[in-house]
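Beneath this line is the structure, given in structure tokens, with notes to follow.
On a predicted model such as this, the values are computed, not experimentally measured, just so you know. When a residue number appears, it is its place in the shown sequence, counting from 1.
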Amino acid sequence: MMLRVLTFTFFILMILSFGESNNNPTIEEKVPLFQTNLYNHTMKWGTYRPQVIFGMKTRSPKPILNGLMWYKADTENGIERMRHDSTMDIENVRYGWERHDGQNFGLQNVQDYENQISLETILLKNIKEITTIEDEEGEYKNYVNQKGGDWTVKISGKPLKSNRPNDQIISVLFYVAFENDEISNFKISGVQGSRKQGLSSPIIIRGENEDVGPFYIHLSTKDKAVESYDGIYFYGVKRKEVWNINTEVKRMLNDKMQELLKNKEDRTVLTEYPTLPNTIEDDSNVIVFQKFVRVPFEMDIVFLSHEQNPDIYSNFHIKEKSALLLDNLDKSIKERKELFEKRFEQVFHLEKLNFPEVKEMAMFALSNLIGGIGHFHGNSYHKYGDNPQVHVIPPYSLFTACPSRSFFPRGFLWDEGFHSLLIQRWNKEIAKDIITNWFNVMDKKTGWIPREQILGDEARSRVPQEFQVQHDTHANPPMLFFAVFELIQSYLQSNQFIEINIEASQSYSSEPPSTESESMISFLKQVYPLMKINYEWYLKTQQGRALHSYRWRGRTPGHTLSSGLDDFPRGTDIPSDDERHLDLFSWIYMMTDTMNKIHKIIYNTESKELVERMQNMKDNIKSLHWNSNIKWFSDYAGEPRKYLNETRPAYSPHVGYISLFPFFFGLVQTSTELDRVLNFVIKEKLLTLHGLNSLSMSDPLYGTKENYWRGPIWININYLTLRSLYKCKDETKLCEQLYNTTRDRLVTTLGVEWRRSKTLYEQYNAETGHGQGARPFTGWTSLIALILGELY
């Protein structure tokens, strides 16, 4: 993951020339065909805009999208506190999905302390697999739906404190837009006769695009009218960057507010409010609606697809069908919520804990990881080899979860492997979908997958410029391989896996699978050949000078961003080509082991080449990485360089997360080594009152400089450690003791912070247990749900 660093010197990109690459055959997009028609239909729409507090879009390069804004209208500076983007400002606004199943239902709670309002945003889909239509001869025919179906969004608000008078006035704004689409536009019924106060509820919008076909939107409100402002105001324009419409609206309303306040002496009481202009351009691709409401209120948006509703011919039909959905909405929400909670218990078995708050934390973790999945489309910036030119890669798409909606609302390669461990426990189809998306954005000529996917202007707006370019020699930990194998293993435990001849057919079937076995076979046919190419890329580009050794490329003084462990000390600040990195050696071993195991599943025999490579690595790990000073494995930093006046040891003296990697992936080969990693590395050096910290507290570099991976507790590495301890519990009593102690302390730490802040953090302080870094961080910190359920 990209280090949250503002101290890096910014100079590289300012002098680089950007070259447009019009022909880039190496990035290919394929629609995964291992899902059923119903899955693809259900996943067409989703909350695929993690960078906003509430927003939806379709999975398409030319999506329809929507979003929500609000502010306190009866205060002078209310517009300045307009909400829209996901931010880390949890002291003023706290948000998160309480329930989200990833397909049909999501319930989010928002506590806006500055605007003194509690919001609830609920998404409920109405999916029909088949639509029956009567033809001209009077015969009924069934048609398979594919365009995403219908959905309803309920936005409700109430005072933040129950004893607060219900007199505050909130301006609620909801917008819909076509993105990257020069043809489609919206039509609003009744605009021609609109009053100065806007349109009356309900509003009906019509539209059509190639992705979902014709559709209708019904927007209505339930609220106590604000005198002289009881209509729904609107603003329709054509814009290229529709995702940024909130900035334009905020600026427009703020300018109007300044005009209203220009000659006003008493600004404590407002009697006039800035409104949208009630104008719409003929070819508008974005429309914003504004409603002034007194709290409590409710706004309902119903989306009706023509595919599922071919019998809609008039506004009357739209109102009738919307009313039917709204009449049953509360009952349907209750049913979906109960279904989610029942399924959650079936998967994680947390009732036995008898701690409702901890279970709520686990449901929050899962829901926000799933609810934070996004669909991203746009160009990307790449560099190749030693060429300083930055290539602008033509737009491509990625469907992926993200580490943090507030700070990292985009895809990260090694994070996604951890995300998948939780996602696949909940929904294997979503996990396979995301994994296939990642391997399909690989450069098929070389096997390189850019470690950070910053696609398009919206994504780049949240990334410092110096981190936007991806380099084709820089790797990232291949955690996706681990995720693929875990997916297959869980499948094998519950199914009789039929033998696959993967080379018998490399073609992509045009028909979606009808069974889970067919789905897994199709998944492997797509992913395994790409994994082989990616695996070869790691072997070729990350090899070290010494035989069987490996070295992360892209090292800079004090940082190894490509390793994911950013500022973890490597034994020398100044990089050397002689370095040998223990964590990368272990990752390569895991990749090799995974590829061999998949090979055995597919061909019913092990790969001679892969088995030989694993044995060579086992035979050589001591000669390459054994540090006699600490009697354990470590990085090799190279012999001290006299011309730099170095006096350091050749092997890194730092004990921390890197020291654990041989334990994670099966490179601890003797009982003596097992005893050493348990007693020395874990028990003596890394175990704290709050979990395992990233660098030993006795290390002179502990807590220094950015202190990103130099002390704080990270849940992903704690999960891998607990997994390894759990699997060796039968070998030694100490494994069981350390497992129970580490797990109990970690769960207590996160539980205490959850009760305090009702959110999850990027990392936790090793000395106090307090959450720190990005928040909400519901990427790999969400692995706490697996830890609670002891699902390893």
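- Between K432 and E429 there is a salt bridge, since a side-chain N of the basic residue sits under 4.0 Å from a carboxylate O of the acidic one.
- With a 4.5 Å cut-off on side-chain heavy atoms, L783 and F418 count as touching.
- No side-chain N or O of K600 forms a donor-acceptor pair with one of T605 less than 3.5 Å apart.
- Annotation: the span from C402 atom SG to F408 atom CZ amounts to 10.5 Å, rounded to 0.5 Å.
- The pair E341-K359 fails the salt-bridge criterion, with no side-chain N (NZ, NE, NH1 or NH2) lying under 4.0 Å from an Asp/Glu carboxylate O.
- In this structure, the side chains of V347 and R343 come closer than 4.5 Å at one or more pairs of heavy atoms.
- Two residues are said to be in side-chain contact when any heavy atoms from C-beta on lie closer than 4.5 Å; T749 and I713 fail this criterion.
- Here the side chains of R755 and M361 are not in contact, with every heavy-atom distance at 4.5 Å or above.
- Of the N and O atoms on the side chains of Y657 and N718, at least one donor lies less than 3.5 Å from an acceptor on the other residue.
- When R580, R570, R648 are each tested for a salt bridge (Lys or Arg N to Asp or Glu O under 4.0 Å) with D635, only one passes: R570.
- Using modelled atom types, one finds a donor on one side chain and an acceptor on the other under 3.5 Å when comparing T592 with Y535.
- The closest side-chain heavy-atom distance from L539 to R613 is below 4.5 Å.
- Side-chain rings of W632 and F680 stay apart, their centers remaining 6.0 Å or farther from each other.
- Partner F665 forms a ring-ring contact (aromatic ring centres under 6.0 Å, His included) with one of Y589, F585, W587 and no other, that one being W587.
- There is no side-chain donor-acceptor pair under 3.5 Å between E579 and Y550.
- Ring-centre distance between W426 and F340: below the 6.0 Å cut-off.
- A heavy-atom distance below 4.5 Å is found between the side chains of M531 and M595.
- With S757 contributing its side chain and W754 its backbone, the two residues share no donor-acceptor pair below 3.5 Å.
- Remark: the S634 side chain and the N627 side chain contain an N/O donor-acceptor pair separated by less than 3.5 Å.
- A donor-acceptor contact closer than 3.5 angstrom links the side chains of W552 and D583.
- Side-chain N/O atoms of N679 and D675 include a donor and acceptor closer than 3.5 Å.
- A side-chain donor from one of T572 and E646 sits under 3.5 Å from a side-chain acceptor of the other.
- Ring to ring, Y761 and F777 are not that close: their centroids are 6.0 angstrom or more apart.
- Looking only at atom types and distance, the side chain of Y739 has a donor-acceptor partner in the side chain of E790 under 3.5 Å away.
- No side-chain donor from either of T672 and T670 sits under 3.5 Å from a side-chain acceptor of the other.
- If you check the side chains of H474 and S562, you find no donor sitting under 3.5 Å from an acceptor.
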Please step through salt bridge (Lys or Arg N to Asp or Glu O under 4.0 Å) for the pair E360 and R99, ending with a clear verdict.
CA-CA 10 Å; E360 279 296 320; R99 310 286 187 271; 3.0 Å; yes
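- Annotation: side chain of L421 is in contact with side chain of F482 (closest heavy-atom distance under 4.5 Å).
- Side-chain contact of T400 with E416: a donor-acceptor pair under 3.5 Å is present, judged by distance alone.
- Side-chain contact, E767 with H690: no donor N or O sits under 3.5 Å from an acceptor N or O.
- By the 4.5 Å heavy-atom criterion applied to side chains, F663 and C728 are counted as neighbours.
- A donor and an acceptor atom, one from each side chain of D433 and N437, are located under 3.5 Å apart.
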Audit row: D567, K705, salt bridge (Lys or Arg N to Asp or Glu O under 4.0 Å) steps and yes/no
CA-CA 9 Å; D567 64 336; K705 296 187 177 179; over 6 Å; no
